[in-house]
Protein chains: 2
Amino acid sequence: MQSITDALGNGRPEPAWRNAYRQLRMAIINRELAPRLRLIETDLAQTLGISRTPLREALARLEVDGLVTTAKSGGYAVSDMREDLFDAYDLRAAIEGYGARLAAERVTDGEIKRLRENVTISQRVALSDRNQRARLNIEFHEIVVSATRSPKIIHAFTNIRDLILTDEDMTLHSEEAHQRFIREHDLITSAIEMRDGDIADRLMRKHLLSARELLLQRPDADNASSGEY
Amino acid sequence: MQSITDALGNGRPEPAWRNAYRQLRMAIINRELAPRLRLIETDLAQTLGISRTPLREALARLEVDGLVTTAKSGGYAVSDMREDLFDAYDLRAAIEGYGARLAAERVTDGEIKRLRENVTISQRVALSDRNQRARLNIEFHEIVVSATRSPKIIHAFTNIRDLILTDEDMTLHSEEAHQRFIREHDLITSAIEMRDGDIADRLMRKHLLSARELLLQRPDADNASSGEY
DNA sequence: CGGGGCTATTCTGTATGCAATCTATTACTG
DNA sequence: CAGTAATAGATTGCATACAGAATAGCCCCG
């Protein structure tokens, strides 16, 4: 019996390191593995049911992604992404700003429809339904970026997306902020619809930088008390 | 006896995979390993004087960097970067454009001086001295990006820099193009000096996109004849 | 009671071995 | 002779084994 992902006649069973990579990535993003937690390869390998060899290949990739760091004395530890969260928004503004510009030039009618639908649904979702709001927020930005048709920009976006959006969702606590975000999404959609890349660019940057301000004002709920070493 | 890089009292001997990573990276960028060349792990490991285990860790990282690709049937091959060279310039315009904007806000007087010197020297270097011109070109963009003080933007830049600049140097064949590049560097420097991020951003984007046009017009000197499989 | 050095254990980094898969070559069949 | 099946060699992906470094603990000494 093959792995379940291989059921549709795909050529090859999934490598073990890929599964480990996915699981670790999710665990780190969801804070199930605390920042600065030292990762003991033997234990981790046993937990994942693989040997250290493919585990280390997964960890090497996670390190390039910035999710994991190598300690000075060797070995890996979970990155503390709060350290450079502020900085990450600069990169995001660069990528998504220019991305919105390209999107305005290359977007299809179908994508515009999806953006409009996203905004419409967002306006109706309850403030309390955090999961739904987070999903819609992620989806909006994904549609814009994928409309660029640029594999490199899409790749760069997905790399930082996970580092940021889970935190960003936490910030959407007030109805005021929520409505403002949706309004900005609405304006960006309009700019893209009018194929005005310059406006789309500027609106997107403003949207992201104001999101950063909100993020840094938050009460910083989860404190560093859980940070093992 | 320790490795020579460890001579200055640094804590640890360099891991074997890091050296392999560097060597392979350079070899791929310099086209010593042809695009689409299938990498046989056993041979490569023997050439590098290490075993397959650290070699595979180096290859995993190179894959995340985009320098190496996994074939459908398993194994690694050198990426054909000409495929997405055009695309890479979009990402570069996004990063360096916004980077120039940040640089204008955060640059120090010392950095401005270095930029001015770079431009001045570039104006005097002979057209035939390709190495020198390439070095100066890289240096200019490095100064601008490092002036952003943004680790993430610097990291993203260094990632694509190597994919592009070696090719870009090939394009600086005409005196006209050369002078134009320097003139654009000069204007960007002035914008940064005046702390005008908006102008710096637009100039940098224009500079990069015109560089892309030149690149794609080139006679495509090295043909795909060397592309093994 | 506090500090420094020694020892034991843990952990990492790398090499090797093995099974499964892929590829190329050859033999066979229509 | 073209096309296809079978087989042998090559190659990957993973597990295990081992040496050296790092860390923790302990004892001895001040």
Side-chain angles (χ1 to χ4, degrees), chain A residues 1-24 33 36-64 67-79 227-229, chain B residues 1-24 33 36-64 67-79 227-229:
Chain A
M1 177 123 137
Q2 307 260 52
S3 86
I4 203 165
T5 61
D6 194 35
L8 298 173
N10 301 330
R12 252 180 115 91
E14 187 183 58
W17 64 258
R18 190 182 294 279
N19 185 42
Y21 174 82
R22 261 206 313 273
Q23 288 197 237
L24 288 174
L33 292 172
R36 308 191 68 84
L37 173 66
R38 176 74 185 272
L39 296 173
I40 305 301
E41 295 175 7
T42 309
D43 301 351
L44 209 51
Q46 195 162 14
T47 304
L48 294 168
I50 60 179
S51 82
R52 286 178 53 221
T53 307
L55 170 63
R56 279 177 64 86
E57 292 187 18
L59 289 172
R61 291 161 193 270
L62 288 169
E63 192 205 354
V64 181
L67 291 178
V68 143
T69 317
T70 63
K72 290 167 297 298
S73 59
Y76 294 96
V78 177
S79 296
E228 279 100 296
Y229 198 130
Chain B
M1 175 121 99
Q2 307 260 50
S3 86
I4 204 164
T5 61
D6 194 34
L8 299 173
N10 300 330
R12 250 180 114 92
E14 188 183 57
W17 63 258
R18 191 181 294 278
N19 184 43
Y21 174 82
R22 262 205 312 272
Q23 287 197 237
L24 289 174
L33 291 173
R36 308 192 67 85
L37 173 67
R38 174 75 184 273
L39 297 173
I40 305 302
E41 295 174 8
T42 308
D43 301 350
L44 210 51
Q46 195 161 15
T47 304
L48 294 168
I50 60 178
S51 83
R52 285 177 54 222
T53 307
L55 170 63
R56 280 176 64 87
E57 292 187 17
L59 289 171
R61 290 161 193 270
L62 288 169
E63 192 206 354
V64 181
L67 291 177
V68 143
T69 317
T70 62
K72 291 168 297 299
S73 57
Y76 294 96
V78 177
S79 296
E228 280 99 298
Y229 198 136

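Taking a 4.0 Å limit (strictly below) on heavy-atom distances, residues 48-59 of chain A reaches DNA chain C at A/Arg52, A/Arg56.
What separates CD of B/Glu14 from P of D/dA21 is a distance of 16 Å, to the nearest Å. For the pair A/Asn19 CG and D/dC14 P, the interatomic distance rounds to 11 Å; values are reported in whole Å. Atom-to-atom, NZ of A/Lys72 to C1' of D/dA21 comes out at 16 Å; the value is rounded to the nearest Å. Rounded to a whole Å, the CG atom of A/Asp43 is 14 Å from the C1' atom of C/dT9. Separating the CG atom of A/Leu44 from the C1' atom of D/dA15 is a distance of 16 Å, rounded to the nearest angstrom. A/Glu63 places its CD atom 14 Å from the C1' atom of C/dG13, with the value rounded to the nearest Å. If you measure from atom CD of A/Glu41 to atom C1' of D/dT16, you get 14 Å, rounded to the nearest angstrom. B/Ile40 has its CD1 atom 11 Å from the P atom of D/dG13, to the nearest Å.
Proximity of A/Ser73 to the phosphate of C/dT12: no side-chain N or O atom is located under 4.0 Å from OP1 or OP2.
When the nucleotides C/dT12, D/dC14, D/dT12 are ranked by their closest atom to the side chain of A/Ala16, D/dC14 comes out on top.
In this structure, the separation between CG on A/Leu67 and CZ on A/Arg61 is 13.5 Å, given to the nearest 0.5 Å. For the atom pair CD of A/Gln46 and CG of A/Leu55, the computed distance is 12.0 Å after rounding to the nearest 0.5 Å. Here the CG-CD distance, from A/Asn19 to A/Glu14, works out to 5.5 Å after rounding to the nearest 0.5 Å.
Listed by chain and number, the residues in a side chain to side chain donor-acceptor pair (under 3.5 Å) with B/Thr69 are B/Ser79 (sequence neighbours excluded).
Listed here is the closest heavy atom pair of A/Arg38 and A/Gly74: NH2-O, 3.5 Å. When all heavy atoms of B/Pro54 and B/Trp17 are compared, the closest pair comes out as O-CB, 3.2 Å.
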